[in-house]
Enquirer: 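Have a look at this one.
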There are 2 protein chains.
Amino acid sequence: MDNTTPRTRRNARIRQAIIKSAVEIIHHEGVSALSIRRIADAIDYSPASIYEYYPNKDAILAAVCLEGYAKLTAALQDYPATADPRVATRECGVQYVRFALANPDYFLLMFSSAGMQPNHNSEESLELQLLRSPAFMVIYRHIHALVEAGFCVVTPRYGVFQIALSAWQMVHGIAMLSLTTLRDGPLDYTIIRMTLDAWQRGFAHTVAER
Amino acid sequence: MDNTTPRTRRNARIRQAIIKSAVEIIHHEGVSALSIRRIADAIDYSPASIYEYYPNKDAILAAVCLEGYAKLTAALQDYPATADPRVATRECGVQYVRFALANPDYFLLMFSSAGMQPNHNSEESLELQLLRSPAFMVIYRHIHALVEAGFCVVTPRYGVFQIALSAWQMVHGIAMLSLTTLRDGPLDYTIIRMTLDAWQRGFAHTVAER
DNA sequence: ATATTTACTGAACGTTGTTCGGTAATTGAT
DNA sequence: ATCAATTACCGAACAACGTTCAGTAAATAT
């Protein structure tokens with residue numbers, strides 16, 4: 001189909017300009033400073049025109065979050081390939097925390113409210129949806145390699161997926177608390193590495209079945 | 001001093017009514033539905049009068065959070081004393097997640113924005129501040145018992161405090177992701193217990209010094 | 001009983017998200 | 001090239017928001 005007519009291309013460009021200026025406003029002045037009028041001002045349109053491209057403000061925030069997920073995925077992969085999967089897994093976690101602290105506005109927007117998740121398709125099982133989420137898959141593959149190398153034991157009830165989920169939960173807790181309750185406290189990546197090593201050690205042997 | 005004159009008592013009662021109605025509005029219609037005007041309506045005052053008791057809306061939200069911290073602390077202790085500190089520690093974590101899912105609005109309000117933490121005194125070290133936070137202390141004592149019983153090994157760099165912090169981060173990640181990304185997915189407390197057991201196993205032996 | 005402090009309100013200001021009627025520009029068909 | 005139909009855009013407005021302030025009613029202190 002002609003998804004590249006002049007019109008659709010202009011349309012896409014303006015949509016892009018909208019979320020780009022939104023990202024900049026958020027980055028420089030925080031989420032609370034973001035308003036339709038500020039965006040309209042930044043891209044030389046009237047406030048009403050914004051609604052030709054996005055149905056409402058939440059849709060714009062959702063689009064910003066989508067960008068955030070992509071950036072997070074890239075950040076998780078931004079570590080040189082390592083022979084030892086244990087180190088690779090751990091450093092992936094460090095990257096997660098690093099991303100959160102480097103982009104606090106992005107991160108809090110993505111993971112603070114209950115309605116900011118990508119393609120929340122309630123038809124499908126949550127597991128399948130996560131497995132199609134690129135960011136989660138980066139973690140998943142690290143855990144898979146960990147298991148392959150014999151550093152991590154799986155059971156029928158608690159497989160690669162569950163371990164990957166647990167890893168995500170661990171680093172997410174570190175990141176989230178660092179941004180909220182522990183903000184402006186010292187952030188020691190040496191200690192975070194020790195925490196992640198301890199987490200890994202917990203899965204080094206069979207998870208007790210219940 | 002006379003902190004119980006008729007005036008101060010009335011004052012306290014009205015302040016209490018304000019945050020009580022705020023809690024109810026949040027609970028029934030979500031944080032986004034909370035407004036000064038709605039509160040004023042609920043307690044039969046004019047919007048302007050609210051400002052005689054709280055300087056602004058954020059102060060009201062902060063007061064709501066304070067209540068939340070107290071409720072969380074109570075929830076963490078709401079598990080019968082157990083002989084085995086390993087079980088006690090794990091069930092404390094389960095209670096944390098339970099609280100989050102039972103009070104999603106409270107929890108997200110408390111731990112979503114960067115400015116909702118209690119008495120953020122930047123003079124003092126973060127460690128000392130946490131050690132005076134009742135909720136954290138519940139976790140801290142569990143870890144202390146765990147160490148006392150020999151189920152958990154401490155090192156100079158990574159002591160009871162760090163382990164307790166790690167425990168908090170772990171359950172916080174579970175809770176937070178369950179409320180946001182994993183919301184409306186199934187929540188299996190059996191699997192959460194297995195996760196917390198694995199976490200505990202990671203600290204069962206010496207944390208490798210770096 | 002009077003002076004003074006406190007409690008409370010109505011009305012307003014500036015800002016927000018969003019809608020709508022109307023106009024200018026662009027497109028598709030002849 | 002011309003004309004009708006669609007699309008893009010805007011000004012103005014609406015309702016709701018947080019907050020302020022001048023002014024009135026009530027409670028307190030003298």
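The sequence lines fix the lettering, A, B, ..., with proteins before strands; numbering per chain opens at 1.
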Enquirer: Could you state the atom-to-atom distance from CD1 of A:I14 to C1' of C:dT26 in whole Å?
Expert: 13 Å

Enquirer: Would you say B:S166 and B:W199 are linked by a side-chain donor-acceptor pair, where the criterion is simply a distance under 3.5 Å?
Expert: yes

Enquirer: Closer than 3.5 angstrom, by distance alone: can the side chain of B:K57 be matched with the main-chain N or O of B:L34 as a donor-acceptor pair?
Expert: yes

Enquirer: For DNA chain D, which residues in residues 34-52 of chain A have a heavy atom at a distance below 4.0 Å?
Expert: A:R37, A:Y45, A:S46, A:A48, A:S49, A:E52

Enquirer: Could you check, using the six-membered ring where one of them is a Trp, whether B:H142 and B:Y79 have ring centers closer than 6.0 angstrom?
Expert: no

Enquirer: Could you summarise the pairing of DNA chain D as dot-bracket text, marking Watson-Crick and G-U pairs under 3.5 Å with ( ) or [ ] inside the strand and | across strands?
Expert: |||..|||||||||||||||||||||||||

Enquirer: Let's see if you can work this out: which of C:dT6, C:dT27, D:dT19 has an atom nearest to the side-chain heavy atoms of A:R10?
Expert: C:dT27

Enquirer: Would you say that more than 12 heavy atoms from the other residues, nucleotides or ligands in this model lie under 6.0 Å from the CD of B:Q16, or not?
Expert: no

Enquirer: To the nearest angstrom, how far is B:R7 atom CZ from C:dT5 atom P?
Expert: 11 Å

Enquirer: Is a salt bridge present between A:E29 and A:R38, judged by a nitrogen-to-oxygen distance below 4.0 Å?
Expert: yes

Enquirer: For residues B:T195 and A:Y158, is any side-chain donor paired with an opposing acceptor at under 3.5 Å?
Expert: yes

Enquirer: Rounded to whole angstrom units, what separation is found between the NZ atom of B:K57 and the C1' atom of D:dT20?
Expert: 17 Å

Enquirer: What residues, two or more places apart in sequence or in another chain, satisfy ring pair (Phe, Tyr, Trp, His ring centres under 6.0 Å) together with B:Y45?
Expert: none

Enquirer: Check the phosphate of C:dT19 against A:N56, side-chain N and O only, distance under 4.0 Å to OP1 or OP2. Yes or no?
Expert: no

Enquirer: Report the distance from atom CZ of A:R15 to atom C1' of D:dT7, rounded to the nearest whole Å.
Expert: 16 Å

Enquirer: From CG of A:N11 over to C1' of D:dT6, roughly how many Å is that when rounded to an integer?
Expert: 14 Å

Enquirer: Parallel, tilted or perpendicular: which fits the ring planes of A:F107 and A:H172, with parallel below 30° and perpendicular above 60°?
Expert: tilted

Enquirer: Where does the angle between the aromatic ring planes of A:Y140 and A:H144 fall among parallel (under 30°), tilted (30 to 60°) and perpendicular (over 60°)?
Expert: parallel

Enquirer: For A:Y54 and C:dG17, what is the distance between atoms OH and C1' respectively, to the nearest whole Å?
Expert: 17 Å

